[in-house]
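Lettering of chains follows the sequences in order, A, B, ..., and the numbering in each one begins at 1.
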Amino acid sequence: MSSGALPGFRDFYPDELARRAHIFRAWRAVARRYAFVEYDGPPLESLDLYTKKSGDEIVGQLYNFVDKGNREVALRPEMTPTLARMVAARASALRKPVRWFSIPQLFRYERAQRGRLREHYQLNVDIVGEASEVADAELLAVAVDIMRELGLTSADVRARVSDRRLLNGILVTLGVTEEQVPAVYGVVDKFARQPRELSAEKLAKAGIAPALVERILGLAAGATFEAVRAEFGSAPAAQEHVERFARYLAHLDALGVGEWVVLDLSIVRGLAYYTGIVFELFDAKGELRAICGGGRYDTLLKSLGGVDLPALGFGMGDVVLGELLNDRGLFPAATEEATDFQLVAGNGAGQHGYAEALGLVTVLRRAGFSVAHGMNAERYMGQATRNQVDGAKKAGVSAAIYFREDGATEAMSLLGKMSGAPTHTMDTTAALGGDAAVMQGLRDWLQQQRDNARNQNG
RNA sequence: GUGGCUGUAGCUCAGUCGGUUAGAGCAUCGGAUUGUGGUUCCGAGGGUCGCGGGUUCGAUUCCCGUCAGCCACCCCA
C-alpha cells in the first residue's frame, strides 16, 4: 500500500525475521545432519553466466544492468550456474562426491504474485560426482527430512517423483518417435494445469495416433509404479530404467521416507536441463505452488563449466514453505528468542536506587543472560510496579527481576498465568556479586519455567 | 507481457445516495493512593481516504489515467 520496499521485495520486521530464521535453522540443521557443508557465492554475476545456459530470452526475467566498468551483470536468479562455476574451477582438487548446500537470496524480474516474489531465499542442496541412484534417494531424503524437522507430516506434503529416462523408455515402447518426444514432454508437464481435451489436441497435432493419445494421458493422470513395472518391466527400451527406479524406491524406503513418495510421470520440470530422476514436493491439499523441486542434471556441468561430472540437486524456497507453515500453524510463538529478564522496581527499589539496579542488570548480562530495563530513572522509581511488570509481560520477556522490601532479590516468571506466578529468591549481596552458584540457580530456574510453559502449550 | 478484482489509521474494517472538523475495534504511548501485577477505567498520538487529472459551487465518494496489491494466464524458482 504505502511506500515501503520495492514491489516484490520484503521487509523483515522482527516477527518476520524470526520466521525466516526458523526456516533457515531447519534447513541448516538437516543439511548438516546429512553431512552437507555450506558454501556461498556472490549475489552479482556476469550476465553471460546465465545466457550461456538458458539463451538470451532469459534476460527479460533478470535483474541485469551495466556496471560502472561497462560489464553486463545480473543479480543471480538461481544458484546452479554459480555452483557449476565454483566446482569447475577446482574440480580436480575437490574430493568427490561434493556435498554442498547454500542459502542464497535469488532475484528475478517478474510480476509478483502469491508464492512468487522478485526476491526469495532458496536452500540449494547439491551432490556432484556421483552417478548412482543412491545419491538421488539421499537428496530427496534431505528434502523430506526438512519437512519433518518443521513439523510437517506425510499427510501434509507429498513427494512426487519421476525419471526422464523411464518416461522416455515408456514412450519409445509405446511407439512415440524421437521427434514427437519433446511435444509429449510439453503436454505431460502441463497435464495437471490444462484441460484434458487441450492436451489430447496437442498430442494429435504432434502426429500421435488417437489410441496412443489416450494411453499417454492415462499414464500422466497417475499410473502407479507397480502398474508401470507390470506393463513395461520387460520391454527392451524401458527395462533398465524400470529396474533403476525400483532400486531408487527401495533406497528411499531404507532411508525412511518411503511413505512420502508417489510416482508421478507428469513431473518433467521445465523441459530444460534435467536428465534423470526428478522430483517435486507439494502440499497434499494442492493449494500452493511447489515447495521444492530438483533432480539429476548430469550434462549441465559440462555445458556450463566444461567439467564432465554427474550432478543432482534441489532448490527449496522460503516463500511457499513459509505460507504452508503459516497455514498449518507450525511457526513457534516467538519465545525462543525471548529476552530473559526485565528489571522492574519492587518494594525494595527505594533502598537500592537506580544505579544499584543497573549494577544488577550488568551482573546478569556478564553471566550470559539477556536483560532489558526501563531507560528512564524517574519512571523506574515512580511508576507503579504493576505497570512495569505489565510492560515486561507485553514485551514478551520471560521473567521480571526486582529488589524486595525484605532485602532479597527475586525473579518472577511472566510465562504463565500471573496469579500465583512462580518466583525465585536470591540473596541480594550474592546476586550483586555475581556469585556463580546463584547465577547457575537462576539459570536452572529460568529453564524450568520455560520447560513448564512449553509443556502447557504443547 | 495479458486479463479480472481491490486500494480509508501500524492491523482488521465501517462510513460518505457528492456537503463543513472521516469513525470503531485491536495495537502503540501516557495516566489512574510507592506498587502481587496480563483485568478494568481515563486520556493521547497517528489518516494529503494510494497518486494524478476531469466533472462540479464543492470529490474520500462519480469518471478517466496511473501506481501498488491479490487472482488467473505466460513463464519458471
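The separation between A:Glu78 atom CD and B:rC75 atom P is 17 Å, rounded to whole Å. If you take CE of A:Met79 and P of B:rC76, they are 22 Å apart, rounded to a whole angstrom. Between the CG atom of A:Leu106 and the P atom of B:rC75 there is a distance of 21 Å, given to the nearest Å. Remark: P of B:rA77 and CH2 of A:Trp27 are 16 Å apart, rounded to the nearest angstrom. What separates OH of A:Tyr50 from P of B:rA77 is a distance of 13 Å, to the nearest Å. Nucleotide B:rG38 holds its P atom 12 Å from the CG atom of A:Leu414, rounded to whole Å.
Listed by chain and number, the residues in a salt bridge (Lys or Arg N to Asp or Glu O under 4.0 Å) with A:Asp163 are A:Arg165, A:Arg244 (sequence neighbours excluded). In this view, A:Phe36 satisfies the ring pair (Phe, Tyr, Trp, His ring centres under 6.0 Å) rule with no residue, not counting sequence neighbours. Residues meeting the salt bridge (Lys or Arg N to Asp or Glu O under 4.0 Å) test with A:Arg386, sequence neighbours left out: none. Taking the salt bridge (Lys or Arg N to Asp or Glu O under 4.0 Å) definition, one finds that A:Asp40 meets it with A:Arg76, sequence neighbours left out. Listed by chain and residue number, A:Arg116 satisfy the salt bridge (Lys or Arg N to Asp or Glu O under 4.0 Å) test with A:Glu110 (two or more places apart in sequence, or in another chain).
Separation of the P atoms belonging to B:rG45 and B:rU66 is 40 Å when rounded to the nearest angstrom. Comparing the same atom, P, in B:rU60 and in B:rG18 gives a spacing of 14 Å after rounding to whole Å. B:rG38 and B:rA27 have their P atoms separated by 15 Å, given to the nearest Å. A distance of about 30 Å separates the P atoms of B:rU61 and B:rA44, rounded to the whole Å. Spacing of P atoms, B:rG65 relative to B:rU6, comes out at 15 Å, to the nearest Å. One P atom belongs to B:rA9, the other to B:rG47, and the distance between them is 11 Å to the nearest Å. Between the C1' atoms of B:rU39 and B:rA32, the separation comes to 14 Å (whole Å). Comparing B:rA59 with B:rC64, their C1' atoms are spaced 14 Å from each other, to the whole Å.
For the pair A:Arg160 and A:Phe279, the cation does not sit on the ring face, since its NZ or CZ is not both under 6.0 Å from the ring centre and inside 45° of the axis.
The list of ring-ring contact (aromatic ring centres under 6.0 Å, His included) pairs with a residue in residues 375-394 of chain A, not counting sequence neighbours, reads A:Tyr354-A:Tyr380. Listed by first and then second residue, the salt bridge (Lys or Arg N to Asp or Glu O under 4.0 Å) pairs that reach into residues 306-322 of chain A are A:Arg10-A:Asp318, sequence neighbours excluded.
In terms of position on RNA chain B, the residue among A:Glu119 and A:Lys394 whose nearest nucleotide sits closer to the 5' end is A:Lys394.
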Polar atoms only, N or O, under 3.5 Å: list the protein pairs with nucleotides 70-74 of chain B and their distances.
residue	atom	partner	partner atom	Å
B:rC71	OP2	A:Arg114	N	2.4

Donor-acceptor pairs under 3.5 Å, side chain of residues 319-327 of chain A to any protein atom, not counting sequence neighbours: which ones?
residue	atom	partner	partner atom	Å
A:Glu323	OE2	A:Gly115	N	3.3
A:Asn326	OD1	A:Arg19	NH1	3.1

Donor-acceptor contacts under 3.5 Å from residues 137-147 of chain A side chains, at least two apart:
residue	atom	partner	partner atom	Å
A:Glu138	OE2	A:Arg99	NH2	2.5
A:Asp145	OD1	A:Arg148	NH1	2.9
A:Asp145	OD2	A:Tyr34	OH	2.5

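Relative to the side chain of A:Pro7, the nucleotides B:rC75, B:rC76, B:rA68 differ in distance, and B:rA68 lies closest.
Counted by atom type alone, A:Asp444 and A:Gln448 present zero donor-acceptor pairs between their side chains at under 3.5 Å.
Paired runs in RNA chain B that reach 3 or more consecutive Watson-Crick or G-U pairs, where each pair keeps both distances under 3.5 Å, cover B:1-7 with B:67-73, B:10-13 with B:23-26, B:28-32 with B:40-44, B:50-54 with B:62-66.
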Check: Reading nucleotides 30-37 of chain B from the 5' end, what letters show protein touch, with B for base, S for backbone sugar-phosphate only, - for no heavy atom under 4.0 Å?
Finding: SS--BBSB
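Note on A:Asp406 versus A:Arg404: salt bridge recorded, some NZ/NE/NH1/NH2 to OD/OE distance being below 4.0 Å.
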